[in-house]
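Treat the numbers as computed from the prediction; the structure is a model and nothing was measured. Computation of the quantities below employed the complete heavy-atom set of this structure, encompassing side-chain atoms and omitting hydrogens, waters and symmetry-equivalent molecules.
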There are 2 protein chains.
Amino acid sequence: MPDGTMRPTALRAPYHHGGLEAALIAAARAIAERDGPDGVSLRAVARAAGVSQAAPYHHFADKDALLAAVAAEGFRELRAALLARAEAAGGDPFERLRALAAGYVGFARARPALFRLMETPAFQRAGAYRALDAARQKSYLPLADAVAECLPGASRAKRVNACAAVWSLAHGMAILASDGRLGGLVDLSDLDKATDALIRQLNIAAAPGA
Amino acid sequence: MPDGTMRPTALRAPYHHGGLEAALIAAARAIAERDGPDGVSLRAVARAAGVSQAAPYHHFADKDALLAAVAAEGFRELRAALLARAEAAGGDPFERLRALAAGYVGFARARPALFRLMETPAFQRAGAYRALDAARQKSYLPLADAVAECLPGASRAKRVNACAAVWSLAHGMAILASDGRLGGLVDLSDLDKATDALIRQLNIAAAPGA
DNA sequence: GCATGGTCCTGACGCTGTAAAGATTCGGTT
DNA sequence: AACCGAATCTTTACAGCGTCAGGACCATGC
């Protein structure tokens with residue numbers, strides 16, 4: 001193509017992208033899942049979306065804001081995955097709790113790069129990204145609810161403690177499993193079962209199966 | 001100072017630094033603890049050590065190798081802190097286990113940036129940095145030993161499960177606490193007590209005090 | 001006294017995030 | 001239909017980054 005500057009209008013990409021914001025989020029996520037969170041450069045994202053390097057700044061304040069949007073999408077998907085598992089688990093609260101924990105760990109294991117991005121400490125700072133905060137908060141609720149239902153008569157302190165224990169255990173497992181570091185201790189090929197075994201070690205409810 | 005090139009020898013820094021490797025590690029750690037792991041630039045580290053930007057390459061293969069050295073130092077300190085806590089805890093295995101978990105979480109809370117650096121996934125890849133791997137491995141042993149001593153007659157599977165549970169719980173607490181995210185659930189001002197309460201929720205041994 | 005090799009510096013390359021200024025196009029108002 | 005403001009996108013530019021090549025310095029061993 002000898003004439004680069006005057007390509008026929010029909011073949012040239014339209015000046016206005018149309019859905020650039022969504023395209024940037026998708027491209028950033030794809031790159032993050034391929035090369036890890038640190039492999040994401042704003043310029044590469046822009047290239048992948050077919051726009052100039054400065055175009056993203058019309059949709060995101062800076063690079064962190066774009067990554068925060070990706071993370072928020074991740075939390076929404078995490079929430080959806082948790083709700084689906086809870087639904088499938090049926091009515092027993094402890095059963096549901098174990099399903100939620102397994103879902104949490106499984107999500108991290110299935111999308112390690114995305115999970116790592118969601119855990120990036122730059123975005124933890126509450127108040128910095130409101131949409132992210134909201135999505136994160138909402139993603140944690142199913143777990144807290146299930147814990148509360150497991151301990152109907154307990155004091156608030158007891159419930160809070162149990163909630164912290166479950167969350168910490170699931171979070172720790174999620175991180176260790178997503179990095180493959182739990183491999184020497186538990187069978188990562190059947191992560192649901194492994195999570196079950198660990199959650200059962202918590203004094204949350206009388207574990208029926210044993 | 002009009003004559004920049006011919007400063008008197010007595011006032012000029014010696015051409016050979018003397019202890020550059022250690023100075024670089026210390027500078028990198030100081031910057032990481034002030035600005036976070038991502039705030040560390042090789043050039044800034046070199047500036048802080050009073051050498052040129054390329055000098056570090058005579059002591060470290062690349063930036064990651066320097067950060068890995070900082071992380072290894074962190075793991076050695078973590079191990080020392082854990083051993084000290086175990087020593088102070090006395091003879092009861094479960095008491096020692098709780099002290100170790102509290103030490104683990106306390107370390108992360110006291111040095112959040114260093115802990116975050118140690119958990120950087122780029123360094124998790126086993127075999128990439130041998131000294132780091134060794135230091136990390138060794139830092140985990142006290143916890144595993146204490147768990148084993150808590151369950152003297154148990155099967156290997158049971159001990160491994162308990163070990164994974166303790167490690168996951170402590171690790172999750174460490175990360176959540178070092179980011180301050182556990183604040184809504186537990187009292188971060190008395191982290192030892194909070195860790196105690198959570199570890200007690202594990203069916204590791206009959207918790208005596210209740 | 002001189003060569004060797006380790007330690008350090010200067011300068012350069014291509015990459016990054018981001019700002020400023022101009023071009024293009026859309027939507028709504030005359 | 002003509003216009004204008006606002007939104008979107010491009011070009012250009014700057015400083016800082018990790019890293020490398022080539023040269024300067026100097027402690028050590030012959």
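In this structure, A/Ala49 and A/Leu20 approach most closely via the heavy-atom pair CB-CD1, 4.0 Å. Minimum heavy-atom separation, B/Val147 to B/Ala162: CG1-CB, 3.8 Å. Nearest heavy atom pair, residue B/Ala68 against residue B/Leu132, reads O-CG, 3.6 Å.
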**Study point:** Working for salt bridge (Lys or Arg N to Asp or Glu O under 4.0 Å), residues A/Arg85 and A/Asp192
**Key:** CA-CA 11 Å; A/Arg85 301 273 309 223; A/Asp192 280 17; 2.9 Å; yes
Exercise for review: Report the C-alpha separation of A/Arg29 and A/Glu73 in whole Å, then their side-chain angles, then the decisive distance to 0.1 Å, and conclude whether the salt bridge (Lys or Arg N to Asp or Glu O under 4.0 Å) test is met.
Suggested key: CA-CA 9 Å; A/Arg29 173 169 177 174; A/Glu73 190 176 283; 2.9 Å; yes
Exercise for review: Test salt bridge (Lys or Arg N to Asp or Glu O under 4.0 Å) on A/Glu87 and A/Arg96 and set out the steps.
Suggested key: CA-CA 8 Å; A/Glu87 179 98 18; A/Arg96 187 157 70 242; over 6 Å; no
Exercise for review: Give the intermediate values and the outcome of salt bridge (Lys or Arg N to Asp or Glu O under 4.0 Å) for residues B/Arg116 and A/Glu119.
Suggested key: CA-CA 11 Å; B/Arg116 189 53 84 159; A/Glu119 290 303 315; 5.4 Å; no
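Going from atom CD1 of A/Ile199 over to atom CZ of A/Arg98 covers 9.5 Å, rounded to the nearest 0.5 Å.
The stretch residues 56-71 of chain A comes close to DNA chain D through A/His58, A/His59, each having a heavy atom under 4.0 Å from the strand. Taken residue by residue, residues 24-41 of chain A places heavy atoms nearer than 4.0 Å to DNA chain C at A/Val40, A/Ser41.
Residue A/Glu21 contributes atom CD, which lies 15 Å from atom C1' of D/dC9 at whole-angstrom precision.
For the helix from C/dG1-D/dC30 to C/dT30-D/dA1, the axis fitted to the five pairs at one end and the axis fitted to the five pairs at the other end meet at an angle of 10° (nearest 10 degrees).
Partners of B/Tyr140 by ring pair (Phe, Tyr, Trp, His ring centres under 6.0 Å), not counting sequence neighbours, listed by chain and number: B/Trp167.
In this structure, B/Glu77 pairs ionically with B/Arg111, as a charged nitrogen and a carboxylate oxygen lie closer than 4.0 Å.
Sorted pairs that involve residues 55-66 of chain B and meet salt bridge (Lys or Arg N to Asp or Glu O under 4.0 Å), not counting sequence neighbours, are lacking altogether.
No side-chain heavy atom of B/Leu67 sits under 4.5 Å from any side-chain heavy atom of B/Phe60.
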Every protein N/O within reach of nucleotides 11-14 of chain C N/O, cut-off under 3.5 Å:
unit_1 : atom_1 : unit_2  : atom_2 : d
C/dG11 : O6     : B/Gln53 : OE1    : 3.0
C/dA12 : N6     : B/Gln53 : OE1    : 2.8

